[in-house]
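Just the heavy atoms: all of them, side chains too, but no hydrogens, waters or symmetry mates, feed the values below.
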Amino acid sequence: RYAAKLTIDAFYYRHRVDEAELPRRCTDSGSLNHYAVVQPGNAWFADCDTWDYDDRGAFFAHPRLDGRADNDSDDVVALITVEPPTLDSDLTLTVVARNEEFGHTRAISAEVRPEAISEFAFMTLADQNFGSGAHTYGKVYSGDDINYASGGFAHRDIYAEDGIGVDSGYGPPSFVDGARGFDGRPGGYADIREVFPEPVDFDAFWDDLALIRSVACNSGGLCLSRTDNPALGLSSTPTAWLIEPQVAGSSMNLRVSVAYSNSSTSCLTSEEWWWVNSGSASWSYLGTYPVPLNGVVWVDGHTVIGRPGQNSIINGAMTIYAGRNGSTKNIILASDITYQSGASGLDVLGLIASDWIIINPHAIGSDRVLNLSGAMLEQSGTMWVARTCGYDGSDVVSQGSGYPTLNTFGSQARRQTGNMSAQFSVRNYNFDPRLERLRPPLYPLVGETWSYGNWKEIQPPCWARPN
């Protein structure tokens with residue numbers, strides 16, 4: 001039951017005190033609600049990161065069974081406590097169940113976690129190749145081969161549907177920190193089917209992405225669509241949307257603008273025009289909106305993040321999804337994207353393009369460095385640095401000052417690899433280890449199963465024992 005709620009809202013434990021929980025008391029001394037108590041079934045304080053529990057609470061009886069005389073004799077009631085995830089542990093639930101007629105009480109403790117695709121440093125359907133001396137610190141999955149040039153190291157498990165280190169000029173990595181290899185070839189490595197009963201199917205992610213759109217437009221998210229959100233007051237459909245994150249104290253707002261015109265040239269389609277010209281487009285301000293409590297934003301069109309020369313700073317948890325199945329759209333990255341809390345804290349961003357994620361070459365400033373934080377999914381393609389003719393043409397990033405540096409901090413999921421090696425002289429792909437337990441809101445799951453770790457039966461806590 002609790003896991004099902006986490007499927008819809010990955011931060012449910014931060015947003016609500018569940019109906020089956022003990023009353024929570026805020027212990028965060030920096031919160032305006034320090035030492036205040038929230039009763040079960042109510043919203044939790046947005047500024048309170050730590051809590052404990054009152055000693056006593058009423059056991060929860062499922063509303064579909066409570067009060068039914070024919071079931072009362074064998075009903076089981078429950079009471080739970082919740083510990084938020086850390087870098088070293090998943091979200092931990094303590095569940096006490098009691099059969100009140102017979103006086104039987106049992107308690108278990110378990111860590112609960114879905115496996116999201118954001119947990120993989122790289123997830124690619126095509127070959128995944130790494131250059132000389134590469135270290136991979138997150139899990140890697142390939143729908144084909146995984147290859148490392150000389151001196152490569154894998155610090156987490158790697159999964160290849162075909163082979164590991166089999167292509168000419170490459171080899172396997174050195175496995176360290178307990179990492180293992182899994183592939184589809186007999187002998188040598190463990191069988192990938194031990195972990196993935198079926199190959200990863202990107203088409204299966206469309207259902208999760210449809211849920212993002214539904215939650216954004218019908219369940220408290222931010223729905224940027226003329227059709228699905230008439231309250232925006234748009235008289236015509238924009239050709240693109242510009243989102244500029246703005247930190248305001250301890251919260252974040254999104255400054256949203258729209259554009260109604262673009263162009264095409266002899267070598268640029270009207271779609272590709274946005275890839276290189278988003279910074280000079282004619283934008284009309286639409287409004288400034290707080291990031292919704294559930295952190296879910298859906299955009300019905302090509303979506304530009306930031307402007308050249310800016311740093312888009314993220315505070316909090318948010319997922320932005322552009323387009324949908326049957327009407328795929330790009331996300332264009334036009335600025336640096338960084339977390340206010342850096343590599344610690346709970347800031348997390350998911351960027352999902354139903355088509356491609358494009359780097360506007362003008363996003364690279366005078367320092368010749370582009371910093372991009374976040375978990376990114378290119379549902380129908382890859383990440384690509386735009387050139388003079390969009391997909392083709394001459395390189396723009398190198399003009400005047402040589403090839404720049406790319407620093408990423410997050411994860412990548414795509415159908416095929418892009419053109420990063422041809423556009424950046426230095427590429428530092430840094431996995432965000434928090435993503436192993438910190439899922440961006442509604443980010444797609446690898447499968448339909450949940451992980452239950454450290455499952456153990458414990459003595460009923462004091463608060464659960466009969467008087």
Side-chain angles (χ1 to χ4, degrees), residues 8 205-246 252-264 268-307 310 312 314 318-335 349-358 360 376-381 390 440-444:
I8 302 298
F205 299 153
W206 286 117
D207 288 343
D208 286 355
L209 300 182
L211 177 63
I212 294 176
R213 178 189 177 194
S214 176
V215 169
C217 295
N218 303 310
S219 300
L222 178 58
C223 180
L224 297 177
S225 168
R226 179 194 175 200
T227 302
D228 290 16
N229 187 5
L232 294 176
L234 295 170
S235 57
S236 57
T237 300
T239 53
W241 303 70
L242 170 64
I243 296 178
E244 298 173 87
Q246 298 180 329
M252 182 173 66
N253 295 321
L254 302 178
R255 188 181 193 275
V256 178
S257 302
V258 294
Y260 296 99
S261 62
N262 57 352
S263 184
S264 61
L268 278 175
T269 67
S270 57
E271 176 179 330
E272 291 172 321
W273 186 90
W274 291 108
W275 299 10
V276 289
N277 294 296
S278 63
S280 59
S282 179
W283 295 105
S284 299
Y285 174 69
L286 179 63
T288 298
Y289 308 91
V291 173
L293 184 63
N294 60 24
V296 178
V297 180
W298 178 66
V299 188
D300 191 9
H302 297 305
T303 303
V304 180
I305 308 296
R307 295 178 186 256
Q310 292 181 346
S312 297
I314 304 302
M318 177 174 64
T319 293
I320 298 175
Y321 170 41
R324 63 183 186 277
N325 192 9
S327 181
T328 58
K329 304 298 180 183
N330 303 313
I331 288 180
I332 297 100
L333 307 180
S335 71
L349 174 66
L351 291 175
I352 302 173
S354 54
D355 203 355
W356 290 31
I357 289 182
I358 304 297
N360 181 331
M376 301 186 190
L377 166 61
E378 297 91 46
Q379 171 66 0
S380 298
L442 290 186
Y443 214 74

- Kindly give the heavy-atom pair with the smallest separation between Ala334 and Gly306, and that separation in Å. CB-O, 3.3 Å
- Item | Side chain to side chain, Tyr260 and Pro238, heavy atoms closer than 4.5 Å | yes
- Item | Straight-line distance of Asp208 CG to Tyr443 OH, nearest 0.5 Å | 11.5 Å
- Should Leu442 and Tyr321 be marked as a side chain to side chain contact (heavy atoms under 4.5 Å, CB included) after you check the CA-CA gap, both sets of side-chain angles, and the distance that decides it? CA-CA 10 Å; Leu442 290 186; Tyr321 170 41; over 6 Å; no
- Task: Just do the side chain to side chain contact (heavy atoms under 4.5 Å, CB included) check on Ile358 and Ile331 with the steps written out, would you?
- Result: CA-CA 6 Å; Ile358 304 297; Ile331 288 180; over 6 Å; no
Using residues 295-304 as the side-chain source, report each donor-acceptor pair under 3.5 Å to any protein atom, sequence neighbours left out, with the distance given to one decimal.
| unit_1 | atom_1 | unit_2 | atom_2 | d |
| --- | --- | --- | --- | --- |
| Trp298 | NE1 | Gly323 | O | 2.7 |
| Asp300 | OD1 | Arg324 | NH1 | 3.1 |
| Asp300 | OD2 | Ser225 | OG | 3.1 |
| His302 | ND1 | Asn330 | N | 3.0 |
| Thr303 | OG1 | Gly301 | O | 3.0 |

- Note on the structure: Rounded to the nearest 0.5 Å, the OG atom of Ser236 sits from the CG atom of Leu234 at a distance of 7.0 Å
- Where Thr288 and Asn253 come nearest, the two heavy atoms and their spacing: CG2-CB, 3.6 Å
- Does anything in residues 269-289 pair up under salt bridge (charged side-chain N to carboxylate O under 4.0 Å, His left out), and if so which pairs, sequence neighbours excluded? none
- Message: Applying side chain to side chain contact (heavy atoms under 4.5 Å, CB included) to Leu286 and Trp241, what does each step give before you reach the verdict?
- Response: CA-CA 10 Å; Leu286 179 63; Trp241 303 70; 3.8 Å; yes
- Query: Which heavy-atom pair separates Ser354 from Ser327 by the least distance, and what is that distance?
  - Reply: OG-O, 4.1 Å
- In this structure, CG of Leu232 is separated from SG of Cys223 (nearest 0.5 Å) by 7.0 Å
- Indicate yes or no for a side-chain donor-acceptor contact from Thr239 to the backbone of Ala259 under 3.5 Å, with no hydrogens or angles considered. yes
- Query: Do Tyr285 and Arg255 come close enough that some side-chain heavy atom pair is under 4.5 Å?
  - Reply: yes
- Below 6.0 angstrom between ring centroids: does that apply to Trp283 and Trp274? yes
- Please step through side chain to side chain contact (heavy atoms under 4.5 Å, CB included) for the pair Ser312 and Ile305, ending with a clear verdict. CA-CA 8 Å; Ser312 297; Ile305 308 296; 4.3 Å; yes
- Of the non-hydrogen atoms in Trp356 and Ala353, which two are nearest, and what is the gap between them? O-CB, 3.2 Å
- Item | Contact summary for Ser264 and Trp273, nearest pair of heavy atoms | N-CD1, 4.4 Å
- Query: Are any of the side-chain heavy atoms of Pro444 and Leu209 separated by less than 4.5 Å?
  - Reply: yes
- Query: Is Leu224 close to Asn229 at the side-chain level, that is, under 4.5 Å between some pair of heavy atoms?
  - Reply: no
- Message: Any heavy-atom pair between the side chains of Leu254 and Val291 that's under 4.5 Å?
- Response: yes
- Message: Would you compute the distance between atom CG of Leu351 and atom CD1 of Ile314 and round it to the nearest 0.5 angstrom?
- Response: 7.5 Å
- Message: Taking the side chain as everything from C-beta on, heavy atoms only, tell me whether Asp355 gets closer than 4.5 Å to Lys329.
- Response: no
- Message: So Met252 and Pro245, do their side chains get closer than 4.5 Å, heavy atoms only?
- Response: yes
- Query: Quick check: does any side chain N or O of Asn325 sit under 3.5 Å from a backbone N or O of Trp206, one acting as donor and the other as acceptor?
  - Reply: no
- Task: Could you pull out the closest heavy-atom pair between Thr328 and Ser380, with the gap in Å?
- Result: CG2-OG, 3.9 Å
- Task: Hey, could you give me the CG/CH2 distance between Asn360 and Trp275, rounded to the nearest 0.5 Å?
- Result: 11.5 Å
- Message: For the CD1 atom of Ile352 and the CD atom of Glu378, what is their distance to the nearest 0.5 Å?
- Response: 10.5 Å
- Is the closest side-chain heavy-atom distance between Leu242 and Ser278 below 4.5 Å? no
